[in-house]
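Residue numbers begin at 1 in each chain, while the letters A, B, ... track the order of the sequences. All figures in this text were calculated on a predicted structure; none of them were measured in a lab. Only this structure's heavy atoms are used, side chains among them; waters, hydrogens and symmetry mates stay out.
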Amino acid sequence: MSLTDWKAYKPVLIPNIKDYHKIDVYEKHGGYGALKKILADQDTLTPQHVTETVKNAGLRGRGGAGFNTGLKWSFMPKPDGGPRYIAANGDESEPGTFKDRVIFEFNPHTFIEGSIIAAYAMSITTVYVYIRGEYRSWIRMMEKAVSDAYERGYLGQNILKSGFSVDMVLHSGAGAYICGEESSLMESLEGKRGYPRVKPPFPAQKGLWGRPTTINNIESLANVPLIFNNGADWYKGTGAATHPGPLLYGISGHVNRPGVYEYPTGMLVTDLINEVAMGVRGGKRVKALIPGGSSTPPLRGDALDGVRMDSDSLRQAGSMLGTAGMCILDEDTDMVDYLWRVSHFYHHESCGQCTPCREGTGWLEKTLLKIKAGDGTMRDLDLLLDLCTQMEGRTICALADAAAWPVRYTITRFRDEFEARVKNTVYALS
Amino acid sequence: MAEIFIDNKRYEFEGQTKVLQFILDQGLELPFFCYHPSLSIPANCRQCYVEAGQPVLNRETGEYELDDNGERVIRFFPKLMTACSLDATDGMVIKTHVTSELVRRGQKDILEFILINHPLDCPICDQAGECPLQIQTYKYGPEGSRFEHKKVHKPKRIQLGPRVVLDAERCINCTRCVRFTEEISKSNQLTISQRGDHNYPITAPGTEFDDPYSINTVDICPVGALTSTDFRFKARVWEMSSTPSIDITNAKGCAVDIWTRDNLVMRITPRYNPHVNDYWMPDAGREAYKIYNENRISRPEMVVNKDSIKTSWNNALLTISEKLTGAETGKTLVFASAYASVEDNYAIQQFFARFANTTVIYVPDIKPGTGDDFLITDDQAPNSSGCKLLGINEVDADQAKGMIDSGTYETLVILQEDLVGRGIASTESLTQYFSVYLGTNNNSTSRSASVTIPITTAAEHFGSYVNVDGRIQRTLPAKETLYTDRRLDLQMSMGRLDHYGTRFDNWVSDNNKIDCIPAWEFLVRLSHEMNLEFRYNEAREIIDEIALKNSSFAGISYERMDRELGIALQDQPSKELNPA
C-alpha cells in the first residue's frame, strides 16, 4: 500500500470487527492461523526461518528505540537446556502513549499469538507479560484472554499437539515509569526494586535470573502474526520503506478527535492532525507537536509540512518516532507550563539510581518552577541547557536523556516564550 | 601480554580486570564513590568517568590500522565511560582527568549534582576528615554551586538498629550499605526506599538493622550518612592516631586499626587483610575498646587483712617471690591463657618450667553455636591455637574445676583468665589458695586473688596471636602505659596531636595511662627478685626465641608478620577448636 491512498487502509492490528477480543471471533477470522501454520510445518518453518522472516519483513520495535525485532531475536544464544525468557513490555507509562492498552482491550489474541511465535523462534518456553499497574481493567482483560488461550490449547504443554510448549505469565507493575526500561523491567519481574542494570551484559546474554532474555514491546509482538498471515513482502511494502508496517498512532492534545488510530507508518503529520484527528480544537493553529511521547523533542507547529511519521523523516525534522504517541499543542499553550509539567513527570519518575538523573531531574523542575512563577532570570535558561548537557548520555539508562531532551529542545525551539517570562537581570562583570 | 594506555603511558595487564581497579592498582587516582573492590559494581555514582577508546583493527589483516603519522587509529566511545564497569581490553586507550578536559568537566558535573542536595554540614559531621565526598570535592569539584533552590529534606537521626544511625540527607545513594547486607553479611536488612532525589536506605518496616556485621556499613559509607551509635560525636578523625592491630574478641583475629586519642581507644575499624577478614569485622570486635579503656587494673593490688589494697610493685614482687620460693614442689598450678599473647604464654610456660613439677595448663573458651561461617568463631579467645602450638596442656573447664577443688595445690598463678567469671573457680575456692592474678581488667577473679598484677592489653603491647586458621598476626601498642612513651618508641604510631600536642591542648594528658606492664616483663622482674636466669628486654626477643626453639613457629618474625599480613603456620592446629 502506498502512502497516498491511506484513506483506503483497512486496519489489521485493531480491525473493525465486533468482539474481536473474544477468542471465538478471533478464530473465526483466521486467528491463530499463523501459529498453526508454523507449528504444523516445523521442518521448513524452523525457528531460524521464522526469525529470518521477521528480520526481513523489517519489523522495527514499537517501544521507542525502533530496533529491528528479528535482529534482536537473532542475538539470543543457542539453547543450552536452561531456561530462557521473553519479557513482553506492556508498561507503557510515558505521557502521550496509550497504544498497548488498545491491543489489550481490542485484540489481545494477536499479541498472544505473536508471543507464542516469538517463543517458538527463540526456543523459549516462558513468556512474561509485564503490564502497567495502573491498567487494572486491562490486566483483567488480559487474564481472560490468556485463560481462554490456555483452554483452547494455544498456551501450555504440547501446543496443538506439536510438541512445543509455552507458558504465559502476567505480571502487574506497581506504578513506576522506570520499569518500562527493559533492564529495570527485569529487576521488577524478579521482585526487586526497579533499578536499571548496567549494560553489558545485555539481556540476551544475562537477562531474567541471569538467563538469556528478549524484551519486546506489546505492539511489536502483535505485529508478528501479521507478517505470517500476509507475507513478509506485504509487510515490507506497507508504509515507510525503512520503517514498515502498520502503526498505532495515539493522538492526544488539542485536537477535535483524539484517540488511537491504525495506519501505515510514514503518514504525513499534517494528515494525521487535520484529517485523522479532524483538526485542532477551535480551528486554532498548532504551536507544537510532540511526535512520540513526552520524551521526544517537540517540533514547532510552523515546521510540520512534509514531516512524516517514520524514524528517518522525524530525525531529519529534529525529533524521534518514539512510540508514535502524538501530542498536539495549540497556539494558546504556555510552553513554560508545558515544559514544567513534563519535567515534573521525570522528576517524579526518576528511580534515583545514578547521580545525574536523580539530582538533575529535580533541579530542572525546580528551575522551571521558578521561571513559571516569574522569578527566573536569563541565567536560568542557560543553566537549564547546561544541566541537559550534564545529564545526556551520562547515566545507566535513557531516562536522563528522556528528561533532558524536552527541556533542551523546548527551550531552543521556543526560546522567545521563555525569554518573555524571565526577568532581564543585569549582572556585574566580575 | 595485553597492554593498556592510561594518560599516554603504557601499562601491561593480565587476565580480566576493570579499568578503575587497574588504575587504582597502579597507584593512580580516579575519584569514585559507589565502587568497592569486594562488592558488585552498580556504576551508579558516575564519578569515575574516563574517555575510553579501542584501536581499530583491519578486518582482513587483523593488524592495527595506522594513521598518516604511523600511530594507531583509536575509536573512542561516544560517551564518557564509567571506569568501574569498563573491562580493560588489549590496546585500550584511557584518558582520565589528567589529560582530558571532558573528563574533568564530567567529574565536576557529577560532584555539583551530588552536592545540591547534600547538607554540607561537614563541621558537625563525623565523616569530615576521612570523607571521600569532602576530599574529592576539594580536588575535583566545582568552586561553588549554581543551585538556588531549597534542598530536599529527608529523615535525620534514624536509629536503624542498635549500633547504626542514619542521616538520610547526607546519603548520596551509592548503595554500598545495601550491597553489603546483600552480598557480604547476607542479612538483606537494608534496601533503598522512595524514588529519585528522595531516595535513602532503610530497613523494612518493623525490622531493625541488627546484623552482627552492621557497623561495616559505617566504614564503607562514603559520606556521614551512616554513623556508629557508639562512636558518633566522640572524636574528630584528625585528633586520633591509628595503630594496626588485631581483633582479640574471637579466634578469627580480624586485622583492625585501633584509633586512640589521649591514650583512650576511641574506635576500632577493620584493616584490609585478604587472608583473614578482607575489609570487614564483626560488630562485637569494635566493642573491645571497652576492654582497653574501662575498668582497668592500675597498680598491683594485694589482700591485706581481707581488704584489697593498692600496693607498690616492689611489695607485690617480694610477696610473690617469697611465696613461690617457699612453695612445695608440685604444689603450684599455673593457668596460661588463650586470651593472652603467644609471648606471654611462652614466658609463663618457660618461667615455671624452672620449678619442678609445676603444672601449666590452659582452658579453651569455646561456646558452640555462637559462631558463623564468616568472621565470628565459636572460640571466644584470640589465641587458643597459639597455646596449643606452644604445647601447653589443654584441659576443659570441668577438669580445671576438679584440679582447683582437689586440694592438691597450694598456689595458683592465673594469667588473664577470669576463672570465677567462667565458673571454673568460685570466690570461696580461690580464697583457699595463695593466688596471683595477672590481669588487665577488674573482674571477680581479680577481686578474689591474693595479689593482682596489672598487665597490658593487646592495645598496649607487642604481642602475637594465632588465629583459628593457624595464622599468626601481631599487635602494636596503640596506647601508652605509665612506662612507655610514643615519642621515644619509634614503633608506636603518632598522630598529629601526638606529634605536636602540648599539655595546653584539650586532648593531651597523662590521665589515661595505665600503671601496668606486659606479663612477660613482670616475670622477668620476678626472676630478678628470685635470682633466676630469665632475661628478656623486649617481646621481639621472645618471639625470636620461639621461632628458633619451636618447629611450629619456625621462621617467623615481627617483620614477616607485618610484611605478609600475618604468617600461616605450617603446623595447623586441629579443627576441633572451631568445629565448623
>> Does any backbone or side-chain atom of B:Asp197 lie under 4.5 Å from a heavy atom of chain A? Answer side chain, backbone, both or neither.
In response: both

> Under a 4.5 Å heavy-atom cutoff, which of B:Pro42, B:Pro78, B:Gly196 has the most pairs with chain A?
Replying inline: B:Gly196

> Quick check: does any side chain N or O of B:Tyr140 sit under 3.5 Å from a backbone N or O of B:Gln47, one acting as donor and the other as acceptor?
Replying inline: no

> With no hydrogens and no angle check, do the side chains of B:Asp126 and B:Thr227 hold a donor and an acceptor under 3.5 Å apart?
Replying inline: no

> For the candidates B:Glu148, B:Glu112, B:Met81, which exhibits the highest count of non-hydrogen atom pairs separated by less than 4.5 Å from chain A?
Replying inline: B:Glu112

>> If we count only N and O atoms by modelled type, under 3.5 Å, do the side chains of A:Asp380 and A:Thr367 hold a donor and an acceptor together?
In response: no

>> Looking only at side-chain N and O atoms, does B:Gln21 offer a donor or acceptor that is under 3.5 Å from a partner on B:Tyr35?
In response: yes

> With chain B, which of A:Arg394, A:Glu392, A:Arg197, A:Lys192 has the greatest number of heavy-atom pairs at distances under 4.5 Å?
Replying inline: A:Arg394

>> Less than 4.5 Å to any heavy atom of chain B: does that hold for the side chain of A:Tyr195, its backbone, both, or neither?
In response: side chain

> By a 4.5 Å heavy-atom criterion (distance strictly below it), what part of B:Phe33 contacts chain A: side chain, backbone, both, or neither?
Replying inline: neither

> Where on B:Ile110 is there a heavy atom nearer than 4.5 Å to chain A: the side chain, the backbone, both, or neither?
Replying inline: both

>> Is B:Thr82 close to chain A through its backbone or its side chain, or both, or neither, when contacts mean heavy atoms under 4.5 Å?
In response: neither

>> Check whether B:Arg179 reaches the backbone of B:Cys174 with its side chain - one donor and one acceptor, N or O, closer than 3.5 Å.
In response: yes

> Atom CZ of A:Phe345 and atom CH2 of A:Trp340: how far apart are they, to the nearest 0.5 Å?
Replying inline: 13.5 Å

>> Looking only at heavy atoms and a cut-off of under 4.5 Å, which of B:His149, B:Lys150, B:Lys79 has the most pairs with chain A?
In response: B:His149

> Between A:Met391, A:Arg379, A:His347, which has the largest tally of heavy atom pairs under 4.5 Å with chain B?
Replying inline: A:His347

> Taking the six-membered ring of B:Phe76, is NZ or CZ of B:Lys95 closer than 6.0 Å to its centre and within 45° of its axis?
Replying inline: yes

> Among A:Val198, A:Leu387, A:Thr395, A:Thr389, which residue forms the greatest number of heavy-atom pairs with chain B at distances under 4.5 Å?
Replying inline: A:Thr395

> How about B:Arg170 and B:Gln127: does a side-chain donor come under 3.5 Å of a side-chain acceptor?
Replying inline: no

